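Step one of this worksheet: look at the structure below.
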Amino acid sequence: MLPKGLRRKKSSACFLLAVVLILGTAGCGGKNGEEEATPSAEPGITAPATEPTEPASQPTQPEEPTKAAEPTEIPKEVRTNFYVSSLDEELPSLSEAWKDYFSVGVALTANELNNEFKTDLIVQQFNSMTCGNEMKPDFLLDRAKTLSEGTETCPVLSFRSCDGMLQFCMDNGIKMRGHTLVWHSQTPDWFFMEGYSNHQDAVFVSREVMLERMENYIRQVMEYVNTTYPGVVYAWDVVNEAIAPGDGEENGMRVDDSLWYQVIGPDFVEKAFEYARKYADPEQKLFYNDFNTYETSKRIAIVNLVNKIREQGNIDGIGMQSHIGMSSPTMDDYETAICKFAETGVEIHITELDIGLDSDSEENLLKEGKRYKRLFFLLKNLMDSGKANITNVTFWGLTDDGSWLNKDGKRYPLLFNQLLETKPAFWGVLLDDGIPLY
Ligand code: 9MR
């Protein structure tokens, strides 16, 4: 049931926030002009332990009996209540609500930390952060300095891109997922070439040289981060997206667009984890991270890879990116993947969660809220039943307008809109009674 009337203690700040955010955003949707009345979910997760197997009659809204009878026809006064300003001091906190289950994270870009309204919201809602891009090899590798000060086996790095984000985490008691050390994408081709050449006729270095470059890269990232910001990074995505069964390789490894595979060979993943373990702080967890992990062939290849690295003692977790749609994957397939991954004995992180929509119609936004709610029910049930050890869930972005998914049109995949108001998705993640499961 939707408690009424959250107080608006910061009305002047609300006005300022709206002015700041609306400027330059004409045509961004009509929610902000809607009702003042607000919902709330009680902080803390009070949902039932099992996910209903058939359309539920809940949530029961005694004062609005038509809601249960026609779950897709949500009365306007309920529907508009989902949009609560992030400035509302009584807004429940996601990380607080889920604190007995997993940390709750958000991927950000460095410039988002220049917006005080956003940083307030981030600190209120999240206890984990991921750099959306700023800690990737193409941001850290400094070619000019590598050419002047590096050696053939040791590149020079610069951490200007992520320093501010790490400092923000340290200042605010937020932990960071280090994303990502070894990835075929966002790693410049010159890193694989003799003399770090970027000429068209450049040739690959030998496997031995590339292994040394890999080790020196991982060592320098870990040493810098762990020395300058001790205790901030708690998990590293050591290798990202190395599996692509479509490439035809016997173990399902990505071949066609992976220079790591082409220069080092199939054991580059094992070597990356070996080096990562060597230089990581003992309490830091090492993850293999990938997308579409619920696809059967990919899931099987990941399990085989992880089992091998686990035998070597060098992996602690699997990251399921989870850029999902409204109907795919099914919750059953998603659950199967988590369970299969959990059977390897490692932790699970949901590392890049978002749900793309075709439009931001009220109906779609509510459906999105329901899907988020079903997903979090599933995660809760898997934890409650001891079937999986899910230790973090991270959303791939703070506000809809900043999502990477918007490159081909707006997709509205996250929990907050452009005005920093909560969406039904936010309340779904809180398992709020105002969001029907079906
Ligand atoms: O969010 C990132 C986006 O800003 C970049 O343009 C993109 C380029 O590779 O990478 C995005 O993040 C990716 C993440 O690092 C790995 N999984 C897929 C994510 C979305 O593409």
Side-chain angles (χ1 to χ4, degrees), residues 105-115 118 122 126 128-141 161-162 164-166 176-189 191 217-218 221 225 233 235-244 246 253-254 256-261 269 272 276 286-295 298-299 301-302 305 317-325 328-329 334 337 341 348-357 392-416 418:
V106 61
L108 297 168
T109 57
N111 61 3
E112 287 181 286
L113 298 182
N114 297 326
N115 180 327
K118 288 191 177 182
I122 292 159
F126 301 101
S128 174
M129 181 193 290
T130 307
C131 294
N133 287 302
E134 293 78 356
M135 211 184 267
K136 292 171 179 173
D138 60 348
F139 277 70
L140 302 189
L141 283 164
S161 54
C162 60
M165 301 178 87
L166 284 155
M176 183 181 279
R177 298 193 79 262
H179 177 78
T180 176
L181 294 167
V182 173
W183 190 19
H184 68 281
S185 182
Q186 291 193 264
T187 303
D189 287 359
F191 188 46
Y217 179 82
I218 291 173
V221 176
V225 168
V233 170
W236 293 99
D237 285 332
V238 176
V239 177
N240 199 35
E241 302 174 7
I243 299 291
M253 301 280 290
R254 179 186 295 276
D256 294 347
D257 56 357
S258 173
L259 295 188
W260 286 113
Y261 184 97
V269 180
L286 305 183
F287 277 74
Y288 175 75
N289 190 49
D290 213 328
F291 63 89
N292 291 6
T293 49
Y294 36 80
E295 288 176 359
K298 197 158 182 176
R299 189 195 78 212
I302 291 172
L305 178 70
I318 296 174
M320 299 175 65
Q321 292 187 9
S322 308
H323 300 291
I324 65 175
S328 175
Y334 198 77
F341 293 150
I348 310 291
H349 282 187
I350 310 300
T351 53
E352 304 184 15
L353 180 57
D354 50 24
I355 302 179
L357 300 180
N392 170 263
V393 180
T394 291
F395 297 91
W396 203 247
L398 180 67
T399 55
D400 278 349
D401 55 299
S403 167
W404 74 286
L405 286 171
N406 295 335
K407 55 190 184 325
D408 300 319
K410 294 183 177 179
R411 301 296 301 282
Y412 314 99
L414 298 165
L415 307 190
F416 298 92
Q418 187 164 7

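As the structure is a computational prediction, the values presented were derived from the model and not from experiment. Indexing begins at 1, ligand by ligand and atom by atom, following the structure's order.
Of all protein heavy atoms, the one lying nearest to atom 7 (C) of ligand 1 is Q186 OE1, 3.7 Å. Looking at atom 19 (C) of ligand 1, its nearest protein heavy atom turns out to be E352 OE1, 3.3 Å. Summary of contacts: the protein heavy atom closest to atom 14 (C) of ligand 1 is H179 NE2, 3.4 Å.
With a heavy-atom cut-off of 4.0 Å, N133 touches ligand 1 through its side chain alone. Counting heavy atoms under 4.0 Å from ligand 1, residue N240 touches it through the side chain alone. For W183, every heavy-atom contact with ligand 1 shorter than 4.0 Å involves the side chain, none the backbone.
Geometrically, ligand 1 and W396 share a nitrogen or oxygen pair separated by less than 3.5 Å.
Counting all heavy atoms, side chain and backbone alike, E112 lies closest to A107 at OE1-O, 4.4 Å. When all heavy atoms of D290 and A242 are compared, the pair lying nearest together is OD2-N, 3.9 Å.
When the options L405, D354, D401, L357 are evaluated for a side-chain contact (heavy atoms from CB on, under 4.5 Å) with Y412, the one that passes is L357. A side-chain contact (heavy atoms from CB on, under 4.5 Å) with F291 holds for exactly one of M320, K298, E352; it is K298. Screening V238, I243, T293 for a side-chain contact (heavy atoms from CB on, under 4.5 Å) with Y288, the sole residue that qualifies is I243. Remark: of the listed residues W236, F287, W396, W396 is the sole one forming a ring-ring contact (aromatic ring centres under 6.0 Å, His included) with H179.
Residue contact check: E241 has heavy atoms under 4.0 Å from atoms 16 (C), 17 (N), 18 (C) of ligand 1. Each of the atoms 2 (C), 10 (O), 11 (C), 12 (O), 13 (C), 14 (C), 15 (O) of ligand 1 lies under 4.0 Å from some heavy atom of K136. Within ligand 1, counting atoms from 1 as listed, the ones closer than 4.0 Å to a heavy atom of Q321 are 16 (C), 17 (N), 18 (C). The atoms of ligand 1 that sit less than 4.0 Å from any heavy atom of H323 are 18 (C), 19 (C).
The backbone N or O of S128 sits nowhere less than 3.5 Å from a side-chain atom of R177 that would complete a donor-acceptor pair.
Between W404 and H323, the ring planes lie perpendicular to each other; the angle is over 60°, past the 30° to 60° tilted range.
Ligand 1 lies out of reach of K407, whose nearest heavy atom is not under 4.0 Å from it.
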